[in-house]
Amino acid sequence: MKTIGCIILLYLCLALLVSGCNKAAPVPACTMAEVVAQDCAPGWYILKLEDDTEDVATRAGSYVGQLHGGYVTTSNLPEQYRQPGQKVSLRLELNGSDGPRCTANAMLYPPVRVAGVCGEPGAS
């Protein structure tokens, strides 16, 4: 009887441990970006990021990844934000795929994916 009680207690402890390890995935921090221009390939846009993204992320408990200002390019910018000069707050993630294929460009920007627009419903 004593061993059955120990086994039940062990299973309860393991269940408690497993349920405590379920954490939500980190969310990218909101970053102010300005749409600079269309990139060399159709559907790709160059964004200029503000430099204070790391400070925002540490306060919000979010992650920034390797984006700390500068220029990036994206292919999934929402259509209402595709005008040059427009500023928007976005959640950005590094895009694992290659960026646009540019034959005559001297500068290639890191490709990113827009994970959401900050302030829109469902973007939280």
(request) Mind running side chain to side chain contact (heavy atoms under 4.5 Å, CB included) on L90 and L77 for me, showing each step along the way? (result) CA-CA 9 Å; L90 301 169; L77 186 66; 4.1 Å; yes
(request) Give a yes or no on whether the backbone of G43 and the side-chain of S75 come within a donor-acceptor separation of less than 3.5 Å. (result)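 Not a single qualifying donor-acceptor pair exists.
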(message) Is it the case that the side chain of S89 and the backbone of M32 share a donor-acceptor pair, with hydrogens and angles ignored and the cut-off at 3.5 Å?
(response)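 Looks like no, no N/O pair under 3.5 Å.
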(request) Output all residues satisfying side-chain contact (heavy atoms from CB on, under 4.5 Å) with A37, sequence neighbours left out; order by chain, then residue number. (result)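 By the side-chain contact (heavy atoms from CB on, under 4.5 Å) rule, A37 matches no residue at all.
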(request) Show the numbers, then the answer: is there a side chain to side chain contact (heavy atoms under 4.5 Å, CB included) between N76 and N95? (result) CA-CA 11 Å; N76 73 329; N95 192 348; over 6 Å; no
Gap separating the [atom1] atom of [X] from the [atom2] atom of [Y], nearest 0.5 angstrom:
X   : Y    : atom1 : atom2 : answer
K48 : Y71  : NZ    : OH    : 5.0 Å
D39 : T73  : CG    : OG1   : 4.0 Å
L47 : Q86  : CG    : CD    : 11.0 Å
R91 : R113 : CZ    : CZ    : 12.0 Å

If you take all heavy atoms of [X] and [Y], which pair is closest and at what distance?
X   : Y   : value
G85 : E34 : CA-OE2, 3.7 Å
V35 : Y81 : CG2-O, 3.0 Å
W44 : Q38 : O-CG, 3.3 Å

(request) Determine the sole option in L9, I8, I7 for which the side-chain contact (heavy atoms from CB on, under 4.5 Å) test with Y11 is passed. (result) I7
(request) Using the side chain to side chain contact (heavy atoms under 4.5 Å, CB included) rule, take I46 and V72 through it: C-alpha gap first, then chi angles, then the decisive distance, then the call. (result) CA-CA 6 Å; I46 299 172; V72 296; over 6 Å; no
